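Take a look at the structure set out below.
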Amino acid sequence: VVTFTTLINGFCVEGNLVQAIRLLEHTEKVGYQSDIRTFGVIINGLCSIGDTTAAISCLRKLEERIWKANVVVYSMIINSLCKDGLVSEALGLCSEMTSKGIQPNVVTYSCLIQGLCNSCRWKEASALLNEMRQRGVMLDVTTFNILADALSKEGMIVGAKSIIGFMIQMGEKPDVFTYNSLIDGYCLQNQMNEATKVFHLMVSQGSLPDMVTYSSLIHGWCKVRNIDNAMHLLDEMVSKGFIPDVVTWTTLIGGLCQVGRTLAAKELF
RNA sequence: UGAAGUUGGUCUACC
């Protein structure tokens, strides 16, 4: 079953659900009993190709057929609904699982909180944070990162920073996601000096900047029409061994065009 | 030995 599940997951990762399901049927035909994890990879595959409806019917079949769904499959679907903007449906599924005796965990809550933040349903998001606390579900790095990112995107950098302070108090170390969200938040506000400070801070704290860090900063500098600093960062990332990707290039080419340096843009192209 | 959550650009469509 483990071998088959691994193979089925391979097809799912490729987005080849037809092969994945064919292999699931084959698995059962040759006498192996697929289990909850096997269904998990199929449900996850359906979610990642954007077919949440099919994922839900898969969950229903699973509930009829086998023992019991678990928190992982519910969380996958809850996440997918949130990504589709169907946050109320996701909350409904969360109540449903709870009433079936399946307790939401930190992943479930994190998906819902992110969905609520993305829909600007702040009050409900903070209600869920309270619920987590009451039920003794600890926030982890990802939950903190979701909050810091949501606040940064809303321009509430002060709030994002206090979340980061709180996560440190709680013994979670900010990581490259945390710093990248904060940097992007400053870039959105055109506060490039502050963004640069965070860049230096992350280095001093031992988080290595990655492609996203550089691309965000390059985008920020282009936005304030300081192409020289953007180009400087391009050189720096290349010297650190990063290969700029299509995001980096489109950002820079767009930036050069905006300031009228179309020849230089063409050269980069 | 197998399944779930967090960060960057552009363009297009709709409102």
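Side chains are part of it too, since the values below use all heavy atoms of this structure and drop only hydrogens, waters and symmetry mates. Here the structure is a predicted model, which means the values were calculated and not measured. Just so it is clear: chains get the letters A, B, ... in the order the sequence lines come, proteins before strands, and each one is counted from 1.
Counting atom types as modelled, T143(A) pairs a side-chain N or O with a base atom of rG5(B) as donor and acceptor under 3.5 Å. Judged by atom type and distance alone, N70(A) reaches the base of rA3(B) through a side-chain donor-acceptor pair under 3.5 Å.
As a whole-Å value, the separation of L268(A) CG from rU10(B) P is 17 Å. Rounded to a whole Å, the CG atom of L81(A) is 14 Å from the C1' atom of rA4(B). Remark: P of rU6(B) and CG of L112(A) are 13 Å apart, rounded to the nearest angstrom. Regarding L24(A), its CG atom lies at a distance of 13 Å from the C1' atom of rA3(B), rounded to whole Å. Taking atom OH of Y74(A) as the reference point, atom P of rA4(B) lies 19 Å away to the nearest angstrom. Rounding to whole angstrom units, CG of residue L147(A) and C1' of rG5(B) are separated by 12 Å. Put simply, CD1 on I8(A) is 15 Å from C1' on rU1(B), counting in whole angstrom units. For the pair I77(A) CD1 and rG5(B) P, the interatomic distance rounds to 13 Å; values are reported in whole Å.
The nucleotide whose nearest atom lies closest to any side-chain atom of N105(A) is, among rA4(B), rG5(B), rA3(B), rA4(B).
Among the protein residues, V41(A) comes within range of the sugar-phosphate backbone only, with heavy atoms under 4.0 Å from sugar or phosphate atoms but none that close to a base. Nucleic acid contact class of T6(A) (heavy atoms, under 4.0 Å, all strands): sugar-phosphate only. Here N118(A) lies out of heavy-atom contact (under 4.0 Å) with every strand. Heavy atoms of V106(A) sit under 4.0 angstrom from at least one base atom. Counting any heavy atom pair closer than 4.0 Å across all strands shown, T38(A) reaches a base atom. Within 4.0 Å of D175(A), counting heavy atoms only, lies no atom of the nucleic acid at all.
Remark: aromatic rings of F199(A) and Y214(A) are close, center separation under 6.0 Å.
Minimum interatomic distance between P174(A) and I164(A) (heavy atoms only, all atoms of both residues): CG-CG2, 3.9 Å. The shortest non-hydrogen separation linking F39(A) to S34(A) is CE1-OG, 3.8 Å.
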Could you go over nucleotides 7-9 of chain B and give all protein N or O partners under 3.5 Å, atom names and distances?
{"from": "rU7(B)", "atom 1": "O3'", "to": "K153(A)", "atom 2": "NZ", "distance (Å)": "3.4"}
{"from": "rU7(B)", "atom 1": "O2", "to": "N180(A)", "atom 2": "ND2", "distance (Å)": "2.6"}
{"from": "rG8(B)", "atom 1": "OP1", "to": "K153(A)", "atom 2": "NZ", "distance (Å)": "3.2"}
{"from": "rG8(B)", "atom 1": "O4'", "to": "S216(A)", "atom 2": "OG", "distance (Å)": "3.4"}
{"from": "rG8(B)", "atom 1": "N1", "to": "D245(A)", "atom 2": "OD2", "distance (Å)": "3.2"}
{"from": "rG8(B)", "atom 1": "N2", "to": "S215(A)", "atom 2": "OG", "distance (Å)": "2.3"}
{"from": "rG8(B)", "atom 1": "N2", "to": "D245(A)", "atom 2": "OD1", "distance (Å)": "3.2"}
{"from": "rG8(B)", "atom 1": "N3", "to": "S215(A)", "atom 2": "OG", "distance (Å)": "3.4"}
{"from": "rG9(B)", "atom 1": "O2'", "to": "T251(A)", "atom 2": "OG1", "distance (Å)": "3.2"}
{"from": "rG9(B)", "atom 1": "N2", "to": "T250(A)", "atom 2": "OG1", "distance (Å)": "3.1"}
{"from": "rG9(B)", "atom 1": "N3", "to": "T250(A)", "atom 2": "OG1", "distance (Å)": "3.0"}

Review item, nucleotides 13-15 of chain B N/O atoms under 3.5 Å of protein N/O:
none

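Atom OG1 of T53(A) is separated from atom CG of L81(A) by 8.5 Å, given to the nearest 0.5 angstrom. With values rounded to the nearest 0.5 angstrom, F242(A) atom CZ is found 10.5 Å from T248(A) atom OG1.
For E236(A), the salt bridge (Lys or Arg N to Asp or Glu O under 4.0 Å) partners two or more places apart in sequence, or in a different chain, are K240(A). Here F177(A) pairs with nothing under the ring-ring contact (aromatic ring centres under 6.0 Å, His included) rule; sequence neighbours left out. Partners of K197(A) according to the salt bridge (Lys or Arg N to Asp or Glu O under 4.0 Å) rule, which considers only residues two or more places apart in sequence or in another chain, are E194(A). The ring-ring contact (aromatic ring centres under 6.0 Å, His included) test applied to Y74(A) returns no partner, not counting sequence neighbours.
Within a 6.0 Å radius of CE in M156(A), other residues, nucleotides and ligands contribute 12 heavy atoms or fewer.
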